[in-house]
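Below is one structure, written out as structure tokens; the observations come after it.
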Number of protein chains: 2
Amino acid sequence: MTMLKGKDIILSLLYKDALTGYEIMERIQNRLGYFVEGSTGMIYPALKKLEKEGFITSEEIIQHDKPNKKRYTICENGRTSVQDYIESPISQDKFISDFLLRAYLETNPIKELVTHEIDQITKRLAKLIADNEAVIADMAAGQLFAYEFGKNMYQTQLNFLHRYLETEIRRSNPQDNL
Amino acid sequence: MTMLKGKDIILSLLYKDALTGYEIMERIQNRLGYFVEGSTGMIYPALKKLEKEGFITSEEIIQHDKPNKKRYTICENGRTSVQDYIESPISQDKFISDFLLRAYLETNPIKELVTHEIDQITKRLAKLIADNEAVIADMAAGQLFAYEFGKNMYQTQLNFLHRYLETEIRRSNPQDNL
DNA sequence: TCTGGCATGTAACCGGTTACATGATTAC
DNA sequence: GTAATCATGTAACCGGTTACATGCCAGA
């Protein structure tokens, strides 16, 4: 029943690699962007809290070509927490769509709405591919699966939306039906 | 950029019909269940607040065969708010999946995970159909669109997951490849 | 009497949104 | 000089989760 929390997402990522806050944010927004969310306002405070609570440790990394950064490493406590998470009941997928709510409210054709949505999803799909295709060779089975899942979803959504537009055009131009 | 809020969902529903809290909850969880969320803990306090702020009014309805109820009616203020919402920028769809995060973390085959997800989605699809098919004749264009969209998404997800299981079986039983 | 559907609520908690703030370094 | 990328943060606010609490009515 309990929803997926930032803590679980972050610790899960740190379970595999030691990462900086910036890297965590990138991964969440890019590679995992299809199915989780994360902003600086969530990630940095969460990291701080996780360190204070003894789930992770940090070390400063001095860089000369770029700003310094802090790398976080998971510790025993954190690994246990991830195990607990994995053994906990799986929470339901959640899909929130402002687009569909607006569509739902409309009595009239929703061409502009759909066109806008096609735009959005096209961009998101392109980003998903761009962010993942480069690392595809290094992906574990599950990562590849999640990526393919997301790609498939976006493509299906696009197909559905395009199909809608086509039937709309046919409806409004009946003379095309030869 | 701002996310879809309970207020917008509720006022949007009340824009079309006067409804009780219970009816709003039912609609959100059933017909709109594919793309928005709502629980008593969100809906009743929100209704109270919306009334206090003058977006809606309420009247008590006495029933003899069932418990009494309160019907909420949107007023001018509320209609304006819905207009503002409709004119505001569309916020991005949001998909949160505990299932995909767990899949992402796995190095090993994820058959059980996928099987569980198939179960979940099958149930949700059945519920979506059950909740909508009865009222399909009364649906406005947009409502039908949203419903078809959700159905299509669930079906695609199921196809993808089934396909995964099949290829997994083939991978683990190569002798089947005659 | 007890289950199930109808119906309305409360309250603590907290997690995350939103927006703002800062600064190093590189390349143009 | 300034835009872009890298990098880390803060803080107020509030919205919703979670869980609990209550009660009516019908039918088995």
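So you know, we letter chains A, B, ... as the sequences are listed, proteins then strands, and number each from 1.
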| task | State which of C:dT18, D:dT18, D:dC6 makes the closest approach to the side chain of B:M3. | result | C:dT18
| Tell me: CD1 of A:I43 to C1' of D:dA11, nearest whole Å? | 17 Å
| message | I need the A:Q29 CD to A:D131 CG distance, nearest 0.5 Å. | response | 10.0 Å
| request: May I ask you to verify if any side-chain N or O of B:K70 is less than 4.0 angstrom from the OP1 or OP2 atom of C:dG9? | output: yes
| request: Find the distance B:K66:NZ to D:dG27:P and express it as a whole number of Å. | output: 11 Å
| field | Proximal nucleotide (of D:dT17, C:dT17, D:dA19) relative to the B:T40 side chain | value | D:dA19
| Audit row: B:D8, A:R102, salt bridge (charged side-chain N to carboxylate O under 4.0 Å, His left out) steps and yes/no | CA-CA 10 Å; B:D8 296 317; A:R102 287 165 194 250; over 6 Å; no
| field | A:M42 side chain, from C-beta outward: closest of C:dG16, D:dT18, C:dA7 | value | C:dG16
| Can you say whether the rings of B:F149 and A:F160 are parallel (under 30°), tilted (30 to 60°) or perpendicular (over 60°)? | perpendicular
| Does B:Y22 place a side-chain N or O at less than 4.0 Å from the phosphate oxygens OP1/OP2 of C:dT8? | no
| Nucleotide nearest B:K48 (side chain, heavy atoms from C-beta), chosen from C:dT10, C:dT17, D:dC6 | C:dT10
| query | Contact class for B:G21 vs. all strands (heavy atom < 4.0 Å): base, sugar-phosphate, or nothing? | reply | sugar-phosphate
| field | Separation between OG1 of B:T73 and CD of B:E59, rounded to the nearest 0.5 Å | value | 5.0 Å
| query | So do B:Y85 and A:L105 actually touch side chain to side chain, heavy atoms under 4.5 Å? | reply | yes
| message | Does A:G38 reach a base, just sugar-phosphate, or nothing at all? Heavy atoms under 4.0 Å. | response | nothing
| said: By the 4.0 Å heavy-atom rule, please label B:M25 as base, sugar-phosphate, or nothing. | reply: nothing
| Counting side-chain heavy atoms from CB outward, which of C:dT17, D:dT17, D:dT8 is closest to A:E37? | C:dT17
| message | Expressed as a whole number of angstroms, how long is the span from A:Q29:CD to D:dA7:C1'? | response | 13 Å
| Atom pair distance, as rounded to whole Å: CG in B:L4 and P in C:dT17 | 14 Å
| Comparing A:H64 and A:K5 on DNA chain C - which has the more 5′ nearest nucleotide | A:K5
| query | What is the distance, rounded to the nearest whole Å, between atom CD of A:E26 and atom C1' of D:dT8? | reply | 14 Å
| message | Categorize B:T2 for me: base, sugar-phosphate, or nothing, with a 4.0 angstrom heavy-atom threshold over every strand shown. | response | sugar-phosphate
| query | NA contact type, A:K7, heavy-atom cut-off 4.0 Å: base, sugar-phosphate, or nothing? | reply | nothing
| Nearest-Å distance, CZ (A:R71) to P (D:dT8)? | 12 Å
| field | Listed nucleotide nearest any side-chain atom of A:Y44, set D:dT18, D:dA7, C:dT18 | value | D:dA7
| How many Å lie between CG on A:L50 and P on C:dG16, as a whole number? | 11 Å
| remark: From CD of A:Q63 across to P of C:dT26 the rounded distance in Å is 11 Å
| query | Which residue lies toward the 5' end of DNA chain D, A:P67 or A:K94, if each is placed at its nearest nucleotide? | reply | A:P67
| Parallel, tilted or perpendicular: which fits the ring planes of B:Y34 and A:F95, with parallel below 30° and perpendicular above 60°? | tilted
